[in-house]
Amino acid sequence: MVKKVLMICLGNICRSPIAEVVMVDTLEKAKVKDVEVDSAAIGGWHVGNRADPRAISTLQKHGLKCTHIVRQIKKQDFSEFDYIFGMDDDNMSELRRLAPKDSKAELLLLGDFGLEKKNRIIEDPYYERGAEGFETAYQQCVVSCAAFMKERLQK
Ligand code: 4NP
């Protein structure tokens, strides 16, 4: 059966598109099939846009491509997806607030997989100057996506 994974962050232009691309790459490299991955925003400010150029160039540096167009999370996502990931504690409280009572999706903090406790928040790099925060987010996603895959998606 196909499993569906949704990566969430505040704007869907920095962290969650990176997480989406990294998760797809991690699954492809491990030849894990039957998993669909998407990403979306909590807020609607950037709907219809591409990811932040710094997210795109960080992924490019690692040989990966991001063609995602920003969309906002909707009620239906909670019944369609098996796993919905937030990047920080604010994302998690928003997800819990938005989730309908009969939500099927498991709401998880991405960094709870594979990262040390002090390092488990994937910080918002949007307001930082430069792309360093994007590289940090990328590296956190690489570790967490692999750990999640091993724990939940591989038999
Ligand atoms: P993201 O970063 O949640 O990692 O995509 C942000 C991008 C935009 C905004 C906030 C966070 N914003 O307020 O526009």
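Every number for a ligand or one of its atoms is a count from 1 in the order of the listing. Residue numbers start at 1 and run along the sequence shown.
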Taking 4.0 angstrom as the limit and counting only heavy atoms of [X], give me the atoms of ligand 1 inside it, by number and element.
{"X": "C14", "answer": "1 (P), 2 (O), 4 (O), 5 (O)"}
{"X": "H46", "answer": "8 (C), 12 (N), 14 (O)"}
{"X": "I13", "answer": "5 (O), 7 (C), 8 (C)"}

T26 side chain reached by V24 side chain, heavy atoms, under 4.5 Å = no
Applying a 4.0 Å heavy-atom criterion (strictly less than), which segment of N12 is in contact with ligand 1: side chain, backbone, both, or neither?
->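 For N12, the contact with ligand 1 is made by the backbone alone.
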When you look for heavy atoms under 4.0 Å from ligand 1, do you find them on the side chain of F134, its backbone, both, or neither?
-> neither
side-chain contact (heavy atoms from CB on, under 4.5 Å) partner of H68, the single match among I18, D38, V21, I13 |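 With H68 as partner, I18, D38, V21, I13 yield a single side-chain contact (heavy atoms from CB on, under 4.5 Å), made by D38.
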With no hydrogens and no angle check, do the side chains of E135 and H62 hold a donor and an acceptor under 3.5 Å apart?
-> yes
Is any side-chain N of the basic residue among D25 and K65 closer than 4.0 Å to the acidic one's carboxylate O?
->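 Judged by the 4.0 Å cut-off on N to carboxylate O distance, D25 and K65 do not form a salt bridge.
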Is it true that D82 and K4 have a side-chain N and a carboxylate O under 4.0 angstrom from each other?
-> no
For [atom], which protein heavy atom lies nearest, and how many Å away is it?
{"atom": "atom 1 (P) of ligand 1", "answer": "C9 SG, 3.4 Å"}
{"atom": "atom 9 (C) of ligand 1", "answer": "Y126 CD2, 3.6 Å"}
{"atom": "atom 4 (O) of ligand 1", "answer": "R15 NE, 2.7 Å"}
{"atom": "atom 13 (O) of ligand 1", "answer": "Y127 OH, 3.0 Å"}

Distance-minimising heavy-atom pair for Q140 and E123 |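 What the structure gives for the nearest pair is OE1-N, 4.4 Å.
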R15 versus A137, closest heavy-atom pair with distance = CG-CB, 4.5 Å
Does the N or O separation between L10 and ligand 1 drop below 3.5 Å for any pair?
-> yes
Give yes or no for whether the N/O distance cutoff of 3.5 Å, strictly under, is met between D124 and ligand 1.
->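 Yes; at least one N/O pair falls below 3.5 Å.
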Group every Ile, Leu, Val, Met, Phe, Trp and Tyr by side-chain heavy-atom contacts under 4.5 Å, then state whether Y83 and L110 land in the same group.
-> yes
